[in-house]
2 protein chains.
Amino acid sequence: MGGRAKRVTLRSVAQEAGVSLSTASLVFSGAGAVSEATAARVRAAATTVGYRGPDPVASSLRRGRSGVVAVVVEDRLLTVFRDPYAVSRLDGLASVFDEIPASMLLVSQPDGNQGAAATRLASSAFDAAVFFGCGPDAGPVLDTLRAKGVPLVAMDTPVVDDVVRVGIDERPAAAAAAAHLAELGHTRIAQVVLPCDEPAGRVRPAHDYRAERFSTPRDRMHGVADVLGDAVPTVAATASDVDAGRVAGAALLAVADPPTAIVAQSDMLALGVVLAAGERGLDVPRDLSVTGFDGITQSWWPGRLTTVEQPGAEKGREAAHLVRALLAGEAAHDVTLPTRLRVGDSTAPPRSPAPG
Amino acid sequence: MGGRAKRVTLRSVAQEAGVSLSTASLVFSGAGAVSEATAARVRAAATTVGYRGPDPVASSLRRGRSGVVAVVVEDRLLTVFRDPYAVSRLDGLASVFDEIPASMLLVSQPDGNQGAAATRLASSAFDAAVFFGCGPDAGPVLDTLRAKGVPLVAMDTPVVDDVVRVGIDERPAAAAAAAHLAELGHTRIAQVVLPCDEPAGRVRPAHDYRAERFSTPRDRMHGVADVLGDAVPTVAATASDVDAGRVAGAALLAVADPPTAIVAQSDMLALGVVLAAGERGLDVPRDLSVTGFDGITQSWWPGRLTTVEQPGAEKGREAAHLVRALLAGEAAHDVTLPTRLRVGDSTAPPRSPAPG
DNA sequence: CCAGCCTACCGAAACGATTCGACGGCGGTC
DNA sequence: GACCGCCGTCGAATCGTTTCGGTAGGCTGG
């Protein structure tokens with residue numbers, strides 16, 4: 001301890017064991033024929049001289065593979081992982097990485113600081129990258145990843161040329177939620193959309209929203225517009241969490257002629273809307289119907305949210321499978337996963353204006 | 001595209017620019033005197049030949065640093081990140097890593113499979129490691145990390161020789177929560193403890209619990225015992241989330257002479273207990289007082305939990321500072337952060353047995 | 001006008017492993 | 001008994017960069 005001892009290298013082991021460097025290497029890498037006797041001698045020598053195993057860096061340099069896959073998320077971890085849906089995608093990824101096997105380099109972009117993330121990516125070693133995100137201005141990061149020349153997999157992002165992508169059909173999925181409300185008889189419907197490059201908190205008609213670089217909120221808005229028209233009162237959230245949903249819901253419910261139903265673009269937002277309703281003394285679903293998106297399981301709201309289920313963990317696993325295929329040099333094609341409207345306890349027909 | 005082109009190396013750039021390899025390197029690493037004219041020529045040559053920048057692997061090999069810090073969590077990501085407190089610690093880490101600068105290699109241990117995690121760690125390149133966890137059987141992982149010979153920082157783990165640690169004084173912190181309930185006049189108090197190597201779901205007196213390898217639940221139980229004795233009815237949770245808390249709370253409330261107060265070892269568990277109370281028609285805090293631990297902010301329970309606040313993000317930041325110090329070759333010492341009992345709306349004096 | 005210094009650049013030696021081709025010895029086959 | 005092939009081992013080249021020590025040349029100061 002103390003003085004930084006020179007690293008014990010494979011050469012010392014070979015010397016100690018009285019074999020050549022290459023033979024010693026064979027013992028550790030497992031590739032190649034080595035007699036059991038020699039192997040044992042080498043292993044013994046390794047413990048004698050205190051060898052810590054092949055240096056991963058040197059090994060990577062020679063093999064041309066680092067065994068690392070970069071996973072790039074679009075915000076700071078605190079924000080990203082507040083939504084259990086994001087966590088489930090990550091968990092799905094991780095579960096397949098274990099098999100590949102690959103390690104996960106987690107890169108976040110706090111404050112949308114893509115520059116810093118891009119710099120770190122440029123100087124990190126990895127064999128492939130997965131990037132998440134409903135569509136941030138991924139420019140710098142994407143450029144860096146492209147420059148690396150490694151296989152790329154995108155998840156829930158805008159379509160990008162020559163990047164394999166896993167996602168869902170956002171538009172019809174969102175339309176299904178809107179259609180469900182319309183069928184129940186609702187006519188005054190509003191919506192809460194995921195964070196995008198639109199000012200949050202203000203209620204404006206949907207057609208005022210561009211959300212150019214944010215395909216997920218945009219496509220889902222289009223889905224809603226397909227059913228309900230593009231004048232739906234809409235508010236953008238600041239994050240995909242309960243609190244942001246509550247704020248957005250409060251804004252929507254504070255207008256003169258409040259909606260009888262609200263479409264939220266994530267379950268976390270929807271749950272926030274449910275809270276906002278409660279704060280105004282409204283009961284869900286009696287006074288207000290709410291739909292979510294994602295299909296997370298949560299335990300504190302006594303009911304089950306009516307929501308558009310999408311398989312989060314499976315999305316992660318699919319993305320990881322794409323990574324594996326690309327690393328193996330196989331062709332990989334976009335994957336579109338199915339979604340399903342799950343009707344729960346948060347939607348009902350609107351209350352009749354007058355009884356009788 | 002298609003055929004795997006040979007990597008463009010710094011040598012080609014140097015050749016193209018008509019300078020030596022070493023000069024070209026100087027241009028990219030920034031260290032050393034290069035005239036602006038030459039530098040420009042080299043950069044131009046780089047774009048001409050399509051150089052993608054210095055290979056991080058080769059660079060790491062030569063420099064002896066990879067710029068990566070491994071972060072080892074004790075379970076699968078889905079489980080770990082369900083508790084916002086864990087996420088805040090990770091976020092704290094990440095925020096300082098950005099400054100170091102370092103990238104984060106996230107290593108999970110699904111199903112407590114330390115073997116797989118250890119293997120992956122052994123073959124991954126990193127300069128230091130941080131490991132979390134209330135005290136899993138970290139044996140294999142810890143051995144691997146030790147064998148690597150890199151600086152280690154532990155967070156909320158049992159004390160380990162020669163590993164720098166950041167944590168809190170668990171025992172008095174837990175005692176404070178128990179004392180608060182005692183002062184309010186509660187006598188029938190039960191507790192929910194974090195997952196450990198004890199069978200979950202069964203109610204037994206605290207002195208039946210050993211939790212040998214899990215220091216956090218153990219130390220907190222001791223803290224409670226310091227105030228209330230060691231016969232407190234206790235149940236272990238299966239995870240630190242709302243659902244596990246609800247199950248545990250239900251078990252504690254189902255006994256013949258149910259408690260009037262419950263100490264939970266995390267806020268997520270406490271919130272689950274609140275739900276369990278609601279399901280039995282009990283009001284918190286009128287019929288049941290509940291204390292948590294951590295001090296997370298959540299928005300769906302209308303009140304504020306009485307809890308022991310501990311600074312999660314700061315813990316992460318402190319750990320990262322230790323990493324930075326160790327990487328710089330400086331000495332680093334254990335850090336113990338302060339905690340504070342925050343009295344909220346989930347505790348009150350017990351209801352008088354008979355009114356009047 | 002010369003000694004000496006600083007700047008800009010270069011050559012070569014690492015960093016620590018993997019892997020390809022070659023080589024000697026051994027057993028099996030005709 | 002000669003030949004063929006295989007198994008175990010070795011030498012040497014290589015992965016792509018950084019960095020140390022040295023050298024040429026221009027500039028300054030005496």
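Letters A, B, ... are given to chains in the order of the sequence lines, protein chains preceding strands, and every chain is numbered from 1.
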Distance col, row L106(A):CG vs S103(B):OG, nearest 0.5 angstrom, shows 10.0 Å
*Counting only heavy atoms not in R11(B), do more than 12 sit closer than 6.0 Å to its CZ atom?*
no
How is [X] classified with respect to the nucleic acid when contacts are heavy atoms under 4.0 Å: base, sugar-phosphate, or nothing?
X: S60(B); value: nothing
X: S35(A); value: sugar-phosphate
X: S25(B); value: base

Practice problem: Report the residues that fulfil ring-ring contact (aromatic ring centres under 6.0 Å, His included) with F97(A), sequence neighbours left out, ordered by chain and then residue number. | Solution: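 Partners of F97(A) under the ring-ring contact (aromatic ring centres under 6.0 Å, His included) test: none.
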Correct closest heavy-atom pair for A325(A) and A331(A) would be CB-O, 4.4 Å
The residue, L21(B) or A33(B), whose nearest nucleotide of DNA chain C is more 5′ is A33(B)
Contact nearer the 5' end of DNA chain C, comparing E36(B) with A58(A):
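Checking each residue's closest nucleotide, the 5'-ward one belongs to E36(B).
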Terminal helix-axis angle for the helix from dC1(C)-dG30(D) to dC30(C)-dG1(D), with five pairs defining each axis and rounding to 10 degrees
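Comparing the first five pairs with the last five, the axes sit 40° apart.
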Contact span of DNA chain D against chain B, any nucleotide atom under 4.0 Å from a heavy atom, 5' to 3', runs dC15(D) to dT19(D)
*asked:* Pair F28(A), V42(A) - check side chain to side chain contact (heavy atoms under 4.5 Å, CB included), show working.
replied: CA-CA 9 Å; F28(A) 286 98; V42(A) 170; 4.0 Å; yes
Exercise for review: Anything under 4.0 Å to a heavy atom of chain A counts; send over the first and last such nucleotide of DNA chain C, read 5' to 3'.
Suggested key: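 Going 5' to 3' along DNA chain C, contacts run dC15(C) to dT19(C).
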Per the under-4.0 Å heavy-atom filter, residues of residues 40-57 of chain B near DNA chain C come out as none
Give a yes or no answer on whether the side chain of R65(B) reaches the backbone of L327(B) with a donor-acceptor pair at less than 3.5 Å. yes
**Request:** Could you tell me whether the side chain of R165(B) and the main chain of T157(B) form a donor-acceptor pair under 3.5 Å?
**Result:**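 Indeed, once roles are kept as given, a pair shorter than 3.5 Å links the two residues.
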Within residues 8-20 of chain B, the residues having a heavy atom closer than 4.0 Å to DNA chain D are T9(B), L10(B)
